[in-house]
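Following: one structure in structure tokens, then a few remarks.
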Amino acid sequence: MSNNIIPHTYKISRTERQKLHGHSSFLIFFTGLSGSGKSTIANAVEQRLHDNGIHTYTLDGDNIRSGINKNLSFSPEDRTENIRRISEISKLFIDAGLVVLAAFVAPYEKDRKAIRHAVGTENYVEVFVNTSLEVCERRDVKGLYAKARRGEISNMTGISAPYETPKSPHVEVTENNSIEESVEMIYKAIEKHLK
């Protein structure tokens with residue numbers, strides 16, 4: 001950090017923002033292969049939270065990469081920078097008193113550890129959307145797997161780039177769970193964080 005940067009202390013704190021919202025703030029981080037259902041499940045969880053009066057905001061890989069991270073490629077280094085920026089954005093939203101939902105492939109364990117460290121372990125809930133590569137390829141909602149198989153995309157997670165399976169996620173849902181079941185499992189895991 002530069003010697004010329006001096007953070008300003010503002011009068012309204014995270015605690016006061018949480019009090020105003022009537023709930024705590026934290027990050028629900030969804031990880032899994034492209035096409036696993038991360039965004040679909042995050043959207044359904046956010047709807048459930050919204051219906052219960054919880055103030056939320058969702059960060060999604062494609063949306064972030066079309067704006068603040070549009071200058072990043074899919075190289076290992078840029079993937080790490082992508083997640084680093086997401087962690088900093090998430091910290092701001094947590095400070096604002098919101099429940100943040102973030103849906104990102106985040107293929108590297110070290111990057112997921114870094115985001116957990118950045119926002120604080122007590123503010124981090126990891127959801128592993130464990131959908132097999134075969135099912136993700138069959139869905140291929142964005143046509144990315146087909147392009148990767150034809151050699152048109154390099155560094156495609158699951159094809160030409162690795163995905164490191166989370167070692168101890170807070171919640172693991174699979175292709176065998178319906179969206180409704182997944183939402184219920186996640187909601188049960190985060191209820192204690194909402195108080």
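Predicted model, so just to flag it, every value in this text is computed and none were measured. Note that the numbering runs from 1 along the sequence shown for the chain. Atoms considered below: every heavy atom in the structure, side chains included; atoms not considered: hydrogens, waters and symmetry mates.
Hydrophobic clustering, with ILVMFWY side chains joined whenever heavy atoms are under 4.5 angstrom apart, groups I186 together with L194. One hydrophobic cluster holds both Y57 and V119 under the rule that ILVMFWY side chains link at heavy-atom gaps under 4.5 Å. The cluster map of Ile, Leu, Val, Met, Phe, Trp and Tyr, joined by side-chain heavy atoms under 4.5 Å apart, puts L20 and V99 in different clusters. Using a 4.5 Å cut-off between side-chain heavy atoms of Ile, Leu, Val, Met, Phe, Trp and Tyr, with links allowed through other members, L49 and I41 fall into the same hydrophobic cluster. Residues F93 and I83 fall within the same hydrophobic cluster, defined by Ile, Leu, Val, Met, Phe, Trp and Tyr side chains chained together at heavy-atom separations under 4.5 Å.
A salt bridge does not link R84 to D111: none of the charged nitrogens lies less than 4.0 Å from a carboxylate oxygen. R85 has a carboxylate O that lies under 4.0 Å from a charged side-chain N of E81, or vice versa, which qualifies the two as a salt bridge. In this structure, E137 pairs ionically with R149, as a charged nitrogen and a carboxylate oxygen lie closer than 4.0 Å. Taking a cutoff of 4.0 Å between a charged side-chain nitrogen and a carboxylate oxygen, R112 and E109 qualify as a salt bridge. The pair K110-E164 fails the salt-bridge criterion, with no side-chain N (NZ, NE, NH1 or NH2) lying under 4.0 Å from an Asp/Glu carboxylate O.
Residues K113 and H117 form no side-chain contact, since every pair of their non-hydrogen atoms from C-beta on lies 4.5 Å or further apart. Contact annotation: the side chain of V127 never approaches that of F29 to less than 4.5 Å [non-hydrogen atoms, C-beta and beyond]. The side-chain heavy atoms of E181 and V173, taken from C-beta on, include no pair separated by under 4.5 Å. Looking at heavy atoms from C-beta onward, T157 lies in side-chain contact with R79 at the 4.5 angstrom threshold. Side-chain contact check for R65 versus L72: some heavy-atom pair is nearer than 4.5 Å.
When the ring pair (Phe, Tyr, Trp, His ring centres under 6.0 Å) test is applied to Y124, no partner is found at least two apart in sequence or on another chain. Remark: V141 pairs with R139 by the side-chain contact (heavy atoms from CB on, under 4.5 Å) rule, at least two apart or across chains.
Among all heavy-atom pairs drawn from T31 and K38, the shortest one is C-CD, 3.5 Å. Scanning all heavy atoms of the two residues, the minimum distance from P169 to K167 falls at CD-C, 3.7 Å. L33 approaches C136 most closely through the heavy-atom pair CB-SG, 3.9 Å. When all heavy atoms of S75 and N155 are compared, the closest pair comes out as CA-ND2, 3.9 Å. Taking each heavy atom of G32 and Y163 in turn, the nearest pair found is N-OH, 3.4 Å.
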Next on the checklist: Using the rule given for side chain to side chain contact (heavy atoms under 4.5 Å, CB included), can you reason through S90 versus L59, listing the C-alpha separation, both sets of side-chain angles and the distance that settles it, and then say yes or no?
Outcome noted: CA-CA 8 Å; S90 297; L59 302 169; 3.7 Å; yes

Checklist entry - E88 and K91: salt bridge (Lys or Arg N to Asp or Glu O under 4.0 Å), yes or no, with the steps? => result CA-CA 5 Å; E88 294 301 324; K91 274 171 56 177; 3.5 Å; yes

Checklist entry - Can N130 and T165 be said to form a side chain to side chain contact (heavy atoms under 4.5 Å, CB included), step by step? => result CA-CA 9 Å; N130 187 3; T165 304; 5.7 Å; no

Item to check | Verdict with supporting geometry, N82 and F74, side chain to side chain contact (heavy atoms under 4.5 Å, CB included) | outcome: CA-CA 9 Å; N82 183 52; F74 289 90; over 6 Å; no

Checklist entry - Is there a side chain to side chain contact (heavy atoms under 4.5 Å, CB included) between Y10 and I12 once you walk through the steps? => result CA-CA 6 Å; Y10 287 89; I12 306 300; 5.8 Å; no

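When the shell of 6.0 Å around CD1 of I68 is examined, it contains 12 or fewer heavy atoms from other residues, nucleotides or ligands.
In this structure, the separation between CD1 on I89 and CG on L92 is 7.5 Å, given to the nearest 0.5 Å. From I159, atom CD1 reaches atom OG of S154 across 12.5 Å, with rounding to the nearest 0.5 Å.
When each of H23, E46, R48 is tested with T56 by the rule side chain to side chain donor-acceptor pair (under 3.5 Å), just one qualifies, namely E46. Under the side chain to side chain contact (heavy atoms under 4.5 Å, CB included) test applied with V125, the options L27, L101, I190 reduce to a single match, I190.
In this model, no donor atom of one side chain and acceptor atom of the other lie less than 3.5 Å apart for S87 and R116. Between the side chains of Y145 and S34, no donor N or O sits under 3.5 Å from an acceptor N or O. Between the side chains of Q18 and T15, no donor-acceptor pair is found at a separation under 3.5 Å. Judged by distance alone, the side chains of R17 and S25 never bring a donor and an acceptor atom under 3.5 Å apart. S39 and D60 are linked by a side-chain donor-acceptor pair at a separation below 3.5 angstrom, with hydrogens and angles left out of the test. Residues S73 and D78 bring a donor and an acceptor atom of their side chains to less than 3.5 Å of each other. Using modelled atom types and a 3.5 Å distance limit, the side chains of Q47 and N43 yield no donor-acceptor pair. For the 3.5 Å distance criterion, the side chains of E175 and T131 fail to qualify, holding no donor opposite an acceptor.
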